[in-house]
Amino acid sequence: MKTLDQIAAELQGYDPQALSASDVLAFLGKLVQPVEATLALPLFEALGRVLAEDVVAPFDVPPHDNSAMDGYAFRGQELSLGAPLTLQMIGTALAGQAWQGSIATGQCIKIMTGAVMPPGLDTVVPQEFVSSQGDRITLPAGLLKPGDNRRLRGEDLAHGKPALLKGELLTPARLGLAASLGLATLTCFRPLRVAYFSTGDEILSLGQAPREGAVYDSNRYTVFGMLSSMGCQVIDMGVVRDEPAALEAAFLQAAALADAIITSGGVSVGEADHTRTMMKKLGDVAFWRIAMRPGRPMAVGRIRSGCTAPDLQDLQEKYAPTATYTRLYSYENSSKQSIEHVEKNAILFGLPGNPVAVMVTFLAFVRPALLQMMGATAPAQPLLKARSLEAIRKKPGRTEYQRGWVSTAADGSLQVKTTGNQGSGVLSSMAQANGLMVLHHAQGNLAVGDEVDVLMFDGVI
Ligand code: AMP
Ligand code: MG
């Protein structure tokens, strides 16, 4: 395991005071490792998990040539250009019930969609194209070529070939594919356990009475939502007071329980913030200033678990890797205080406090790193191109993320406009957005009609 200094030494021009977004991604890519443990999950529980091994097709899908239409199956070689074809219908093939018999020249069988094509027959005419009289059907000239409306054995998946690959996220289509191979379970990486807490003495939990100068904890819910959408198990630790003993206990417990710890607040240089000091004391942590907006301060590293986890074993059982649904544990309500020693590290993402800065740094940096930890090999979310409906001032030398609404223009192309006040604490414009416009590091001002990259929220959060 490389120390943060070793990782930094491998990156050209690493400057913790002025990191570009791409430097951040490169650093995190070297910092995190995929989890090792795997588990066999029934398909219903495998949705959203990451496949831990290749799936090789144990047979051809479909297993036989079969009909793609309800119609009549016959020999394609009987089609002759320029003349209608009349055939005698001598039987019926139903889906799941193969037709047994032999067919002479000039004959056909009625066949249903999905029914096995009898040997020698290779072409199907859909029933709506024929005229019939008694047991005779006639199809018009020039309608078909040999092989039409037949699905070939193995055309979906070929026996012995990989059908799904290690590292793929199990989407609904991939679950269906696994089912078509008769697989009742899939070997997946265990879900990632991510602990989250908010810091700051001005932060109120829901249910607490409002008081002057205090704000309700919104980060708890945005982070919960983003982690849950990724299929992570969220260990919700609520608000931790800005006080060394409380922070130390929270970090040690989080490190013992979780693969990653996300905090918000207290990473900029503020007088009453003990968060930075505690991160430094308990781990190998770098404090960055990122050339981005919103965002900027961020702490990253590893926190060593020590002890003071309230009834750790109990908690670990509760978050056992077999759990497939998000479970919450409120640190605030914990009363047990038994001590146990556990040696492990958890990756720390110390995010800034401002609500939109939290979401943007999560989407830009934390999400890709967590996907890597989940064992996912999917390339980064593709950015769409949309025409900006407004001019935007932008300084080269930092990456800016603007909350936007993407819609379809009258000519069918994509267009985007900002959703209002872009302040880093203004959650309402984030709540109205369906994507983030990404104004890249080197990019300058944007004129009306210029193309801009957009990271769509759909499928992400
Ligand atoms: P900090 O990074 O701690 O200096 O916080 C920056 C700003 O974000 C301050 O205005 C905080 O009140 C606000 N803030 C910090 N944490 C939260 C939170 N969990 N929910 C809502 N606002 C927060
Ligand atoms: Mg603070």
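Atoms within each ligand, like the ligands themselves, are counted from 1 in listed order.
With a heavy-atom cut-off of 4.0 Å, I203 touches ligand 1 through its side chain alone. Both the backbone and the side chain of S218 come within 4.0 Å of ligand 1, judged by heavy-atom distances. With a heavy-atom cut-off of 4.0 Å, E202 touches ligand 1 through its side chain alone.
The existence of a salt bridge linking K166 and E168 is excluded, since no basic side-chain nitrogen approaches an acidic carboxylate oxygen closer than 4.0 Å. A salt bridge links D259 with R190; the closest basic N to acidic carboxylate O contact falls under 4.0 Å. No salt bridge links R387 with D450; every basic N to acidic carboxylate O contact stays at or beyond 4.0 Å.
Taking every non-hydrogen atom of S268 and a distance limit under 4.0 Å, the qualifying atoms of ligand 1 come out as 2 (O), 4 (O). Near Y216, meaning under 4.0 Å from one of its heavy atoms, ligand 1 places the atoms 20 (N), 21 (C).
Looking from atom 7 (C) of ligand 1 to the surrounding protein, the closest heavy atom is N354 OD1, 3.3 Å. Here the protein heavy atom with the shortest distance to atom 1 (P) of ligand 1 is G266 N, 3.8 Å. The single protein non-hydrogen atom nearest to atom 5 (O) of ligand 1 is G353 CA, 3.7 Å, given as residue, atom name and distance.
The shell of residues lying under 4.0 angstrom from ligand 1, judged by heavy atoms, excludes G200. At least one heavy atom of P355 sits less than 4.0 Å from an atom of ligand 1.
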